[in-house]
Amino acid sequence: MTTTIDFLSHLNPSQRQAVEHYCGPLLVVAGAGSGKTRALTYRIANLILKHRVDPENILAVTFTNKAAREMKERIQKLFAEQLAMKEYGQRLDLLTEYQQMQLRSQVYKTTIKNLWCGTFHSLFSRILRFDIEKYADEKGRKWNRNFSIFDESDVQTVIKDIVNKQLNLDDKKFDARSVRYAISNAKNQGFSPQDLEREQPNYRGRVISQVYSCYQDRLAENNALDFDDLILIPTRLFQQNEQVLGYWHRKFCHILVDEYQDTNRTQYDLIRLLVTNGEDRKSEWEWRNRSVFVVGDADQSIYSFRMADFTILLEFQNDFGDGLPDEDTRSMVKLEENYRSCENILQAANELIENNTQRIDKVLKPTRGAGEQIYCHKADNELEEADFVINQIQTLKHQNPELDWGSFAILYRTNAQSRPFEELLVRNQIPYTVVGGMKFYDRKEIKDVIAYLRAIANPSDTVSLLRVINTPRRGIGRTTIDALVNASQQLGTTLWEILSDETSVNTLAGRATKGVNNFAAMINRWQEQIATIPVTEMLQGILEDSGYVQDLMNQGTDEATDRVQNVQELYNAALQFQEENEDVTLQAFLQSTALSSDLDNLKEGQTAVSLMTLHSSKGLEFPVVFLVGLEQGLFPGYRSLSDPASLEEERRLCYVGITRAQERLYLSFARERRLYGSREPAMRSQFLDELPEELLAQQRKSYQTYTKSASATRGQQQTKQNWHVGDRVLHKTFGIGEITHVFGEGNKVSVAIKFSSLGQKIVDPRVAQLQKVD
DNA sequence: TGTCGAGTACTTTTT
DNA sequence: GTACTCGACA
C-alpha cells in the first residue's frame, strides 16, 4: 500500500497546515483565489488516506450544489490518481480510458458515495427523511418522511391565502412578500411563532406571528416543509431528542463547512449541536477523534439579506478555537496568497475592501505578474454599455486566440440588467448562457409535472393536488373544487381523503364527479407502484396517463412545443438522476429537484459567454470579467445608500466581482439608464472612486453637447458657476436631476430642474447648493 | 368555464 | 416596459 501522499508537496505552508489538520477546531481564513477548495478537498483526502477516517464519518457542507459536486469530483480524481500509482505504477492520465473509468467508479463505490457532502439543505433534508417522524413542534404538529419541499411560489400562494382568506387582513398593510420575509427571518433566527410574538409585541409582530402559526398549520396539513424548515427542524429535533442528536454526533466525527461567513444563526446552531453533542461547557468537549474545520472569508459575505451573519465567522476563535491572538493561535490559519488574478486586479480589490470597517485584516498577496490595466468605461446609456462590452469581447477574442467564448463573464447587480447584453449577443451570434433568472424548475410545465409526482409521493400535499386536479382540463371547475376543499376543511382531513373516497366525491362533485373519480383513481394507481417502478417510468406513465403532453401537443403553438421539450428535458434529468445516485426513490428525486438551482447547470469548460449576477459569480473565475452598471443607486443599490452596514455588503459584493477576474477586468457605468420604461439619470458608483486611480485606464469620450435653447443662451452669466440647460446636477435633498430652463441672470438666476421621481422644480442655485455631476 | 382586457406592481441578491 | 393578476363577459 502506498502511504506517500505526494499531493501534499504542491502546497504552500499555510495550505499545508490546513490540509494536515487532523483533530480539534480550525478556522481557515481563505481570501479569494487562495486555493480554498483545494484545501478542503485535500484535507478530506488526507483524513481518509492518512488518518484512516471512514468517509461515512465526514460531513462536508457547502452552499451550492455545484460546489458540492465539484468537491466530490476533485476528491474522486485525487483518489483515482493515488490508485493509478498503486495498481498500475502509472499516472492516471496515461492509462487507457477504460482503466481510468474503472478506477473512478471503484473510488466512487468505496469512498465518494459514502461521504456526506452537500448543501445544508440537501444534507439535512436527507437526515430528516430518517428522523422527522420523531419530531413534534411546540403545537404538536407532525410530519412524515414523505414530506414535500415547498418552493417560494408554493409558499407565496399559501401565505396569500392565509392573509386574504383565512385571517381577512388588509393586504396593503400585510402584503404576502413582506410577511413571508418576516416569517423567514424568524425561522432563520430559530424563532417559533410564540418567540416572534415575544420579540415583537407590537400589533404588526402579533399579526405576523399569527400568520406564521397558521402557515405552520398549513405546512403540517400538507406534510410539507419550506427551505428554512430544512434547517430549523433538525435543530429543534436535536435540541429535544438526545438520542437522535447523539446518533448523528457520533456519526459525524469530522465536520467541514465551506463559506462559513454565509452561515446564519440556525445553521450555526446545527453545526454547534453536532460538534458538541449539545454540551455547552467547552472543557467537556471531546476532540480526541473529531474536528470542526470551517473555511470562509468575511470579505466575501454577501448574503446578509438571507440572514447570513459573518460575525459567526469572526467569533469562531472564541466559540470553538483557542481564542489566542493571531500570532500564537493554533486554531486559525490564513490563506493569503492569491493564485488567480494579476497584481493590478488584486491591488484594486485590496484597496476597495480597505474601506470596510468590519473585517479581519487580510490582504491578497499576488503570485502572478502585474497584468493589464483595469479599464473603466463611461457609457451614454445601458445600450451603449452593452455595445462597448460586446465589441470589446469580439476584439479581445480576435486578438487573443487562446481565449474562447467561455473566457468571458459579464457580471451585474440585478438580473434585469441582462437584457441589452443578451440582445446584442444574439445579434452578433455569440454563444452565451444566462445563469439565474427563470429557473428551469420554475417553469409552469415543469412545476405541473413535478406537482403530479409530489401528489403521488405525498398525498397530503394539497397544494400540488390542486395544481394538477384540472391540468389539463378535466371539467373540474372552481365550484367543484371549492366544495371538495370545504368538505375536507370541515372534517379536518386532507383533500386527498375526500378525493379518494368515491362516495364522498359522488355527493359533492355534481357534474364533475366522473372527472374527479378518474383523477383520483389515476393518482392512486401510481401511488401503488411508487416502490416498484423507477422514477423515469413513473414520469413517462403519468405524462401519458394524465394527457398532459397530449394536451400541449394539441395546442400546437410554438410555446406549447417549447413546453413539451422542457418536459422531455425533465425526463432526461430524471434519467441522469437515476444513473448518478444511490438513492433513486421518488422522494430523493423530488428533493434534488426542489433544491437544485440554475447555477448547477453551468458546466465547466463551456464555450459560451457567461452572464450572471455578482451573487451567482461567487466561487467562479474567468480570464476576462466585465463588471457593469457601476452606478450610485444600482450598485451600490438604492437601499444601501443610507445604511452603512449594507453599503459595506455592497462593497464586499464589488470585491467578489473584481476578484473573479484572472487577467483582465473591465468596469463600466452609464450616465443614463432605462428603468421601468422611463429614462433615469445616473451617477458613477462611489466604488469607482475608491479604486486606485493609477490602476485605471479611463476612457475619455466626448459627448454631444446639448443644443441650448434660447433662454439658456440668454442666461449665461459670470457667477462662480454657470448653469446650462442639459447640465446634470445633484441637489442636496432631491437628488440628481437635469436642468431644463435657466431663468434670469447675474444674482437673480434661478433654474428649473427635472427630477426623475419628483418632477420639475424651480430652485435658486445659491440657496440649493447645487453640484454639477458627470 | 374560459377568454380577454385593463390595471398594477415590479427590480436586489438565493438555498 | 413587461409580466402577472383579477374581474367582466360570452
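None of these values were measured; they are calculated from a predicted model. First the proteins, then the strands, lettered A, B, ... as listed; each starts at 1.
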Exercise. Could you check A:I476 against A:Y181 and say which one's nearest nucleotide on DNA chain B is further toward the 5' end?
Key: A:I476
Practice problem: Using a 4.0 Å heavy-atom cut-off across all strands, classify A:F120 as base, sugar-phosphate, or nothing. | Solution: nothing
Practice problem: Just call it for A:S640: base, sugar-phosphate, or nothing, with non-hydrogen atoms closer than 4.0 Å on any strand. | Solution: nothing
Exercise. Select one nucleotide: of B:dT11, B:dT14, B:dT1, the one nearest the side-chain heavy atoms of A:T479.
Key: B:dT1
Quiz prompt | Spacing between A:K618 atom NZ and B:dT12 atom P, to the nearest angstrom | solution = 20 Å
Quiz item: Base, sugar-phosphate, or nothing: which does A:F63 touch, judged by heavy atoms less than 4.0 Å apart?
Solution: sugar-phosphate
Quiz item: Picking from B:dT12, B:dG2, B:dT15, which would you name as closest to the side chain of A:N470?
Solution: B:dG2
Quiz item: When the distance from CZ of A:R306 to P of B:dT14 is rounded to whole Å, what number comes out?
Solution: 9 Å
Quiz prompt | Sugar-phosphate, base or nothing in reach of A:R674, heavy atoms under 4.0 Å | solution = sugar-phosphate
Self-check item: Under 4.0 angstrom between A:N415 side-chain N/O and B:dT11 OP1 or OP2
Solution: no
Exercise. Measure from the ring center of A:F305 to the ring center of A:H615 and say whether it is less than 6.0 Å.
Key: yes
Quiz item: Nearest to the side chain of A:R419 - B:dT11, C:dA3, B:dT13?
Solution: C:dA3
Practice problem: Ignoring backbone atoms, test whether A:R473 places a side-chain nitrogen or oxygen under 4.0 Å from the OP1 or OP2 oxygen of B:dG2. | Solution: yes
Quiz item: Would A:D154 and A:R467 pass as an ion pair if we require N to O under 4.0 Å?
Solution: no
Exercise. Using a heavy-atom cut-off of under 4.0 Å over every strand shown, decide if A:R673 touches base, sugar-phosphate, or nothing.
Key: nothing
Quiz item: Counting any heavy atom closer than 4.0 Å, what does A:G637 reach on the DNA or RNA strands: base, sugar-phosphate only, or nothing?
Solution: nothing
Exercise. With C1' as the reference atom in both, quote the distance from C:dT5 to B:dT12 in angstrom, rounded to an integer.
Key: 23 Å
Quiz item: When you measure from the side chain of A:F227, which nucleotide among B:dT1, B:dT13, B:dT15 comes out closest?
Solution: B:dT15
Quiz item: How long is the line joining CG of A:D175 and P of B:dA9, in whole Å?
Solution: 10 Å
Self-check item: Selection from B:dT14, B:dT1, B:dT13 that lies nearest to any side-chain heavy atom of A:S616
Solution: B:dT14
Quiz item: Can you find a donor-acceptor pair, distance only, under 3.5 Å between A:R478 side chain and B:dT1 base?
Solution: no
Quiz item: Does the aromatic ring of A:F305 sit over the six-membered base ring of B:dT12, closer than 5.5 Å centre to centre and tilted less than 30°?
Solution: no
Quiz item: Do NZ/NE/NH1/NH2 and the carboxylate oxygens of A:D448 and A:K444 come within less than 4.0 Å?
Solution: yes
Quiz prompt | Heavy-atom pair with the smallest gap, counting every atom of A:E648 and A:N355 | solution = OE2-O, 4.3 Å
Quiz item: Taking the inter-plane angle between the rings of A:F252 and A:W248 on a 0 to 90° scale, is it parallel (under 30°), tilted (30 to 60°) or perpendicular (over 60°)?
Solution: parallel
Quiz item: Which of the following nucleotides, C:dG1, B:dT15, B:dT14, is nearest to the side chain of A:T119?
Solution: B:dT15
Quiz prompt | Whichever of A:R177 and A:D228 has its nearest DNA chain B nucleotide further upstream toward 5' | solution = A:R177
Quiz item: Taking atom OG1 of A:T263 and atom CD1 of A:I312, what is their separation to the nearest 0.5 Å?
Solution: 4.0 Å
Self-check item: Gap between atoms CZ and P, on A:R443 and C:dC4 respectively (whole Å)
Solution: 12 Å
